[in-house]
Amino acid sequence: MRDPSFDMEEPGTFIFDGPRSTAGMRLNRFALSLKQPSNRATFLADPDAFMNRWDLTERERSLVEARDWTGLLAAGGHLQAILKLAATLGLNLYHIGAHNCGVDAHQMMHACPRRVVSDMPHG
Amino acid sequence: MRDPSFDMEEPGTFIFDGPRSTAGMRLNRFALSLKQPSNRATFLADPDAFMNRWDLTERERSLVEARDWTGLLAAGGHLQAILKLAATLGLNLYHIGAHNCGVDAHQMMHACPRRVVSDMPHG
Amino acid sequence: MAEIIGGIGISHTPSMGMAFDAGMRDGFAPEWQPWYEGTRAVKGWLADARPDQIVVIYNDHLNHFEFDAYPTLAIGVSNSFRQADEGWGPRAFPDLPGDSDFGWFVTERLVHGGFDMTVCQDLAVDHGIYSWLPYLADTPWPAPILPIAVNMVRHPLPTSQRLWQLGNALGEAVRAYEPDQRIVVIATGGMSHQISGGRFGMANEGLDRFFLAHLQDDAARLLAIPQRELMRLGGTEAAELSIWFAMRAALSSTVREVHRFHTFPKITGCGVIVFEEPPVVTDAIAVGGR
Amino acid sequence: MAEIIGGIGISHTPSMGMAFDAGMRDGFAPEWQPWYEGTRAVKGWLADARPDQIVVIYNDHLNHFEFDAYPTLAIGVSNSFRQADEGWGPRAFPDLPGDSDFGWFVTERLVHGGFDMTVCQDLAVDHGIYSWLPYLADTPWPAPILPIAVNMVRHPLPTSQRLWQLGNALGEAVRAYEPDQRIVVIATGGMSHQISGGRFGMANEGLDRFFLAHLQDDAARLLAIPQRELMRLGGTEAAELSIWFAMRAALSSTVREVHRFHTFPKITGCGVIVFEEPPVVTDAIAVGGR
Ligand SMILES: [Fe+3]
Ligand SMILES: [Fe+3]
């Protein structure tokens, strides 16, 4: 796992801006609906039917099915929304971060905080 | 019916401000729910049960039952919300205005526009 | 670069929309016939303007937003906007097209310019736009619409000065848009009217005509009228006139009025005004080569 | 007249809340123990301050607002605010009390001062407030809370400068409130952190300490750092630091830091700072008899 750097490029950093928000509209509505316990149950019981209800595209569905957290973010999913999906599946923030970094969740958890030192004056 | 004057006092003029909005919270939620056809049907079928659902107070309920449009505005109902209630009952804007002015809807309709002349320069 | 071709100020009322539907079916009622005729030239102007985008500053009437979260200023950024069901079912018109790329561009400029927009990826539009749009354009609607909604239902309202600033920033944002597009800015709000209380139905034609007469060259004089004074003279809903400032301020100081009309069909003062920007070359000189 | 007693800046994270619940039950985990201890003095300060109102500027994390209508700035005006269910059920804490009279007063000042607030009569509050509040106060919560929510989830974000202006206007509004009340202003936002992408978990303690060190007397130096630079150095979520400016700007230039603490329990830089206003007499002289 590479040390965090001081740049703002993907895949190191995803900026959630307007066009991304437009692209991820369906994904985020779907994922945020999982805040409701009843929706979590419905989704878990029949993921396909539930995803249909939210008009997810073929590609979005396969990203969900593959638990491709990085792909979901790249497709316009907002971390805070995608986190609800992870939680529904019994996973947490570290699983997403681990996938983003190409390690496993256990490694990720132990790597944090990933300290960086910038040329910022220390006051 | 008195001619409209240039003042901003009740009962000539209701200003919908913050404290009024707090006072009318239940009434407005109830009335705005009537934008939905299904809620209109439910309300008409059993007004009491429907009003219970929205936690209306005793006084608010009796204002609704009495079609006391002026009282509803004074109690914090917003005209645009109360209008949905009137529409559900087969009434319209003129019925509300007529009640506010102490005339009947037919008279009100014929009185409008109620022209006023101010000292505004005519450009 | 995009350029602003001109601007329109126009009243809206639910009855205006119903009168249109009935009028197209059975002929216009006598009190509405003048409005139908008075807006025809505006329809012609808009067709000739061939806009690529239409920005509309309007106000919602509790048909989309509710008090649980009522924005002072909202912007709709989507490729499509539904018609709000105001409680009688939507009228037989298609959704409004939108252009989310243009919407995000303007949103970024406005927010970074200090306007605290509520950004809406889903927005249903009520008679604030739907009541007059059919007078000004046939379907399919001629261009994407960028709706900006202003709180006019609950005090505190944004001030006239704030809406003027919004218009200024909007004009700058639009003119900074890269594509070579023709933009029209429309503001809508009833002119004098009050639809509740003992002053129900009050109609101040003098105020409306004064407003229309001074909007081109003496907006400062109108801006100096406190919003509360507009309400006192023209009825509580006359506060909606302050929305028109956002349109005027988006245009340059050298616009020319090309159309003006006013009538009083029933409760609300129905006025329309069209400003046209001088051709770009002249404009570039006039505003100091912006 | 109301007076501002002081201000607090503090980080928030969901795990901070969970660590509190677990810590009170079973003792604190070693990585969270320092935070628990570091905030104890702040809890003491807040108790001594005996606030009548607490204004909290925070950010929601898609737990109440959604993208269909995401406000840049929202204010909650209600006598009670629910805890948002973030998807795991709410924690065992009561609703937040509110004071709608105070809320409307501040709202009117802000809107008339050119802040385009979305005004919320119903607002559910997430870990942005609930994660740290139990560290700073026991239940029943000590005073009504006036929550002001800032968009930090979707760009464009309000700028640091805009949040500084908001704080200024907020301070003026609060000090114009008639009742003789004691007000504390709290701002919350994670310090350095990034919770997505390859830089997940990055932690820039230098940045956090630099920020804490300069907030009292050299906020201008911090304000000059572009938000994007905060994000580059401290992770995308370090943009939340700009919320702290709203607290600092609500206070006078003569505040004194009375507490400061920083630790890195896991992903998010956890810092807290407390500023106290000098006693009123001194303050009246210092700020020119305001
Ligand atoms: Fe209107
Ligand atoms: Fe946060």
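Numbered from 1 within each chain, the chains take letters A, B, ... in sequence-line order.
Interface check for chain C: of the options D:Arg154, D:Met117, D:Glu66, D:Glu108, the most heavy-atom pairs under 4.5 Å are formed by D:Arg154. When each of D:Phe115, D:Trp104, D:Phe65, D:Phe67 is scored by its heavy-atom pairs under 4.5 Å with chain C, the top score falls to D:Phe67.
Distance alone, capped at 3.5 Å, places no donor-acceptor pair between the D:Thr118 side chain and the C:Ala69 backbone. Between the side chain of D:Arg162 and the backbone N or O of C:Gly113 there is no donor-acceptor pair closer than 3.5 Å.
Distance check, rounded to the nearest 0.5 Å: CG of C:Asp116 to OG1 of D:Thr72 gives 6.0 Å.
In this structure, the portion of C:Leu157 lying under 4.5 Å from any heavy atom of chain D is its backbone and not its side chain. With a threshold of 4.5 angstrom between heavy atoms, D:Leu166 does not approach chain C through any atom at all. For D:Thr107, the parts lying under 4.5 angstrom from a heavy atom of chain C are both the backbone and the side chain. Neither the backbone nor the side chain of D:Arg109 comes within less than 4.5 Å of any heavy atom of chain C.
A pairwise comparison of heavy atoms in D:Pro156 and C:His112 identifies CB-NE2, 3.7 Å as the closest pair.
Two residues are said to be in side-chain contact when any heavy atoms from C-beta on lie closer than 4.5 Å; D:Val111 and C:His155 fail this criterion.
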